[in-house]
Number of protein chains: 2
Amino acid sequence: MSTWNGVPYVSQKVMDKRTRTAQRRRESLSRERIIEASIEILDSDGEVGLTFRALSDRLTTGPGAIYWHIDNKSELLTAACDAIIACTVDVPVVGMPPEAVIRALALSLFDTIDAHPWIGSALTRSPGQMPVVRILERIGQQIRALHVADEEEWPAVCALLNYIVGVGRQNAANAQFTRARDLDRSAFLGSVARTWSQLDRKDYPFTIDSADRLQLHDDRADFLAGINLFLRGLRLSA
Amino acid sequence: MSTWNGVPYVSQKVMDKRTRTAQRRRESLSRERIIEASIEILDSDGEVGLTFRALSDRLTTGPGAIYWHIDNKSELLTAACDAIIACTVDVPVVGMPPEAVIRALALSLFDTIDAHPWIGSALTRSPGQMPVVRILERIGQQIRALHVADEEEWPAVCALLNYIVGVGRQNAANAQFTRARDLDRSAFLGSVARTWSQLDRKDYPFTIDSADRLQLHDDRADFLAGINLFLRGLRLSA
DNA sequence: GTTAAATATGGAACATCATTCCAGAGATAT
DNA sequence: ATATCTCTGGAATGATGTTCCATATTTAAC
């Protein structure tokens with residue numbers, strides 16, 4: 001069963017058939033159910049927890065049955081990611097100025113990736129495909145509304161998109177790094193800060209001074225500050 | 001043999017002994033030689049090509065011998081990444097204004113990640129560790145030289161760092177995606193553009209209009225444009 | 001209503017990977 | 001000379017993504 005990302009992937013005919021044959025299993029296997037179960041596993045056990053064994057256990061089936069509905073693991077991750085991004089990107093827009101919408105959109109994405117760290121890597125894995133395109137489109141519409149110079153439009157959207165996804169991914173990596181070592185956030189930051197402060201001041205003056213700030217800093221606030229820097233730069237050019 | 005990233009990892013005593021026992025193998029195995037061979041494999045066959053089998057074949061030894069010098073694959077990737085970043089970050093600074101140094105630094109990193117796509121993911125994998133700290137320090141010093149408001153300094157450095165690494169990673173993912181499908185860059189962009197232009201204009205007006213620009217755009221120029229947006233925003237605040 | 005094809009299932013098998021184990025070789029220290 | 005440490009490399013382990021296939025169920029054709 002082949003599909004294009006994010007676009008309705010089952011024809012109406014197939015859908016009807018599947019509904020009628022629901023008795024084959026108590027709950028018939030379907031792409032939706034597989035993605036749903038994948039998201040549950042990803043949220044509870046992280047990216048490493050999603051194996052075809054764990055997945056077929058949860059769905060009480062074998063790996064072969066899953067492969068009937070899904071091409072491979074990469075596609076599964078992208079689809080799971082898209083299912084969540086599709087909701088995230090649906091942020092109220094009514095009558096807000098473009099810059100406010102961009103801020104809201106960015107924060108919404110930040111919070112979502114924070115809640116589902118595995119999304120970060122999934123987003124990078126599938127360039128030009130649905131989940132990223134959803135974000136691209138929303139940002140693009142708002143940048144257009146800002147009436148930036150024509151030749152600045154595309155680079156600006158690219159930069160924002162890359163920044164948002166980039167920070168999200170980094171946050172995800174931090175979370176994963178922390179989880180893998182059975183630490184919490186402050187313990188993780190503490191250990192990094194300790195390492196930094198032991199560096200040679202001659203070579204790493206800035207990093208050493210940053211060790212303290214690192215422990216106090218607020219990821220979300222820093223993220224927003226970066227967005228604001230972008231927006232300020234854009235305003236100056238317009 | 002345990003080590004802290006990037007800091008000299010063999011005591012002088014051990015080093016001496018190893019030099020003396022070079023006859024054990026024609027070329028004695030060492031952390032350096034392993035990292036060197038890893039970089040060669042990574043550059044020629046990409047991240048998926050670096051397996052312990054391929055590595056021990058190239059070094060004509062077994063996996064066990066490698067594990068005597070290296071803790072695990074993740075550490076190996078970080079070390080290989082650091083070996084390259086250490087050179088990359090060493091960009092001439094003499095008498096250039098801070099903004100110019102930042103631009104040079106950013107472009108140097110962009111080009112390096114472009115030449116060694118595997119660096120992109122390696123950078124994200126090890127938050128707070130050596131390769132990233134090298135970049136953090138260089139950017140931090142330049143932002144300091146810009147005399148930004150104190151509370152803006154850290155967020156600005158964070159944003160720049162995340163942007164640079166984020167774009168680098170995305171570029172790497174594109175390259176990997178392209179390579180995995182045996183395409184070249186323009187073929188890849190072409191297929192994405194084709195997909196985009198088949199979207200529903202009602203929902204994706206911006207993306208559809210971007211399909212053409214996508215094929216013509218220059219990654220490096222767009223990257224630099226993003227850097228400039230940042231710098232402009234910073235200038236406005238100072 | 002019977003039959004042939006299509007759809008769907010799940011368990012076994014396969015190839016590959018990172019990693020561990022271990023028997024032993026070479027060098028050093030006593 | 002003997003015991004200890006350093007280092008090697010091949011074999012074994014366990015887990016993974018993916019493929020294969022025998023089988024069951026449903027649909028389409030006659």
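By convention in this document, chain letters (A, B, ...) are assigned in the order of the sequence lines, proteins followed by strands, and residues within each chain are numbered from 1.
- Among the nucleotides dT8(D), dT18(D), dA18(C), the one closest to the side chain of K73(B) is dA18(C).
- In this structure, L76(A) atom CG and dT18(D) atom P are separated by 10 Å, rounded to whole Å.
- Between the CZ atom of R31(A) and the P atom of dT7(C) there is a distance of 17 Å, given to the nearest Å.
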All N/O contacts under 3.5 Å from nucleotides 19-23 of chain D to the protein, with atom names and distances to one decimal?
none

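- Note on T61(A): every side-chain N or O is 4.0 Å or more away from OP1 and OP2 of dT9(C).
- If you measure from atom CG of N72(A) to atom P of dT16(D), you get 17 Å, rounded to the nearest angstrom.
- Rounded to an integer number of Å, the gap from CG of L29(A) to C1' of dT26(D) is 16 Å.
- Residues from residues 46-57 of chain A placing a heavy atom under 4.0 Å of any atom in DNA chain D, listed by number, are L50(A), T51(A), F52(A), R53(A).
- Residues E47(B) and R179(B) are not paired through a salt bridge, judged by the lack of any N-O separation under 4.0 Å between the basic side chain and the carboxylate.
- By the neighbour-count criterion of 12 heavy atoms within 6.0 Å, atom CZ of R194(B) is sparsely surrounded, having that number or fewer from other residues, nucleotides or ligands.
- With contacts defined as side-chain heavy-atom distances shorter than 4.5 Å, the pair T88(A)/I119(A) does not qualify.
- The backbone N or O of G128(B) sits less than 3.5 Å from a side-chain atom of W196(A), completing a donor-acceptor pair.
- Listed for the K73(B) side chain is a donor-acceptor partner under 3.5 Å among the backbone atoms of L50(B).
- Here H69(A) does not reach the OP1 or OP2 of dT7(C): none of its side-chain N or O atoms lies under 4.0 Å away.
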Check residues 164-172 of chain A and write down every donor-acceptor pair under 3.5 Å in which the side-chain atom is one partner and the other belongs to a residue at least two apart or another chain.
from    : atom 1 : to      : atom 2 : distance (Å)
Q170(A) : NE2    : N174(A) : OD1    : 3.4

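- Between the side chain of Y163(A) and the backbone N or O of F223(A), at least one donor-acceptor pair lies under 3.5 Å.
- Side-chain contact between L216(A) and D212(A) is absent, with no heavy-atom pair separated by less than 4.5 Å.
- Look at W68(A) and you won't find any side-chain N or O under 4.0 angstrom from OP1 or OP2 of dT9(C).
- dT8(D) atom C1' lies 11 Å from atom CD1 of I66(B), rounded to whole Å.
- In this structure a side-chain-to-backbone donor-acceptor pair under 3.5 Å is present from R138(A) to V89(A).
- Protein atom CD1 of I70(B) is 14 Å distant from nucleotide atom C1' of dT19(C), rounded to whole Å.
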